[in-house]
Amino acid sequence: MAQFHVLAVDDSVIDRMLIERLLKTSSFHVTVVDSGTKALKFLGLVEDEVRNEKPHSIAAETDQVVEVNLIITDYCMPGMTGYDLLRKIKESNSLKDIPVVIMSSENVPSRINRCLEEGAEEFFLKPVQQSDVNKLKPHLLKTKVKNEDDLINNKRRIHNNAIPLKN
Amino acid sequence: MYSVAQLVEYTSSLFQQGFLDDQFNQLQLLQDESNPNFVVEVVTLFFEDAEKLLNQLEKEIGQENNIDFKRVDALVHQLKGSSSSIGAQRVQRVCIAFKNYCEEKNVEGCFKSLQDIKQEYTLVKTKFETLFKMEQQIFAAGGSAPR
């Protein structure tokens, strides 16, 4: 089984080092970036593209260069906050199924609820610890099963309708 | 030449005096054979980051009656976060007080907090440096620091 790939986003250099180490001890493959903008770039989504995006197609799935299984992001970041990033991901047809986890140093119930309502799977209070990271695997496995089901269903549709795949 | 017992005692005292909290234990748990210098690396990063922030804070507070409280709060927020992430409890606590003064737009409070933060930072830096020196000596002599 291939490793799960987690994208971590945090503007703090210390917190980036910490989260990377935490994730690696859980055997995740990790990419760390320091801003929401860089995260979207890494995910293959740039500002304009989000607005003009075409609906999800089978061809797009086969074209996908980077596969990210989970995104974990800090809430308080200059420019694009973790919440803004969460929204952009959930608004994107190609990215909305990727589970997103928010981290924050502040325990603000309204903030937590806002994030959960927008589709975040979990909200971790900083400093993030091993026990928090241990909660991630179930979310990843759930998505993996869903993706495999989608893949099977898509293959079945292709076979039935003989839609040619883009090369 | 330091003994393991001295190292244990010294580390213990740092916890007792509130210089370090449990988060420092969490850092040590992340260190292993594949990442043998993790703690030193993170703490060194913290020193670099903190010193940059303290310099910027000096400049901002130096504006005296023209302090940009939002900017100061943002800087202190960063220092609060990083000190919390490495378990530097006393630094974190002063940051919290500092943030409250910012919210109140209390100039005198900000002045005092800046002094307190500089003091606590200098203290904890010295403590860490001593701790790492002890560990290094023991390691070089063929021992291993207890975890």
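Numbers restart at 1 for each chain; the letters A, B, ... are given by sequence-line order, proteins then strands.
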- Using the rule that two of Ile, Leu, Val, Met, Phe, Trp, Tyr join whenever any of their side-chain heavy atoms come within less than 4.5 Å, decide whether B:V91 and B:F111 are in one cluster. yes

- If you draw a 6.0 Å radius around NZ in A:K137, do more than 12 non-hydrogen atoms from other residues or ligands fall strictly inside? yes

- Co-membership, hydrophobic cluster, residues A:M103 and B:L45, 4.5 Å side-chain: yes

- Item | Crowding at NZ, B:K112 (>12 non-hydrogen neighbours, <6.0 Å) | no

- Item | CZ-CG distance between A:R21 and B:L27, expressed to the nearest 0.5 angstrom | 11.5 Å

- Item | Contact listing (chain B partner; residues 5-19 of chain A; heavy atom under 4.5 Å) | A:V13, A:I14, A:D15, A:M17, A:L18

- Please report the C-alpha distance between A:E106 and B:H77 in whole Å, then the side-chain angles of each, then the deciding distance to 0.1 Å, and finally whether the side chain to side chain contact (heavy atoms under 4.5 Å, CB included) criterion is met. CA-CA 10 Å; A:E106 283 157 339; B:H77 181 83; 3.5 Å; yes

- What distance separates B:S85 OG from A:K126 NZ, expressed to the nearest 0.5 Å? 6.0 Å

- Task: Counting only heavy atoms closer than 4.5 Å, note whether B:Q26 contacts chain A via side chain, backbone, both or neither.
- Result: side chain

- Query: Quick one: salt bridge (Lys or Arg N to Asp or Glu O under 4.0 Å) pairs with a partner in residues 33-53 of chain B, sequence neighbours left out?
  - Reply: B:E51-B:K125

- Message: In this structure, would B:F132 and B:V4 fall into the same cluster of hydrophobic residues linked by side-chain contacts under 4.5 Å?
- Response: yes

- Okay, B:D22 and chain A: the region with an atom under 4.5 Å from a heavy atom over there is side chain

- Message: If you count heavy-atom pairs within less than 4.5 Å of chain B, which of A:V128, A:L22, A:T25 leads?
- Response: A:L22

- Message: Taking atom CZ as the centre, does A:R111 end up with more than 12 heavy-atom neighbours from other residues, nucleotides or ligands that are less than 6.0 angstrom away?
- Response: yes

- Query: Got a sec: does the CD of B:Q136 have more than 12 other heavy atoms crowding it under 6.0 Å?
  - Reply: no

- Query: Quick check: are there more than 12 heavy atoms from other residues, nucleotides or ligands sitting under 6.0 Å from CD of A:Q130?
  - Reply: yes

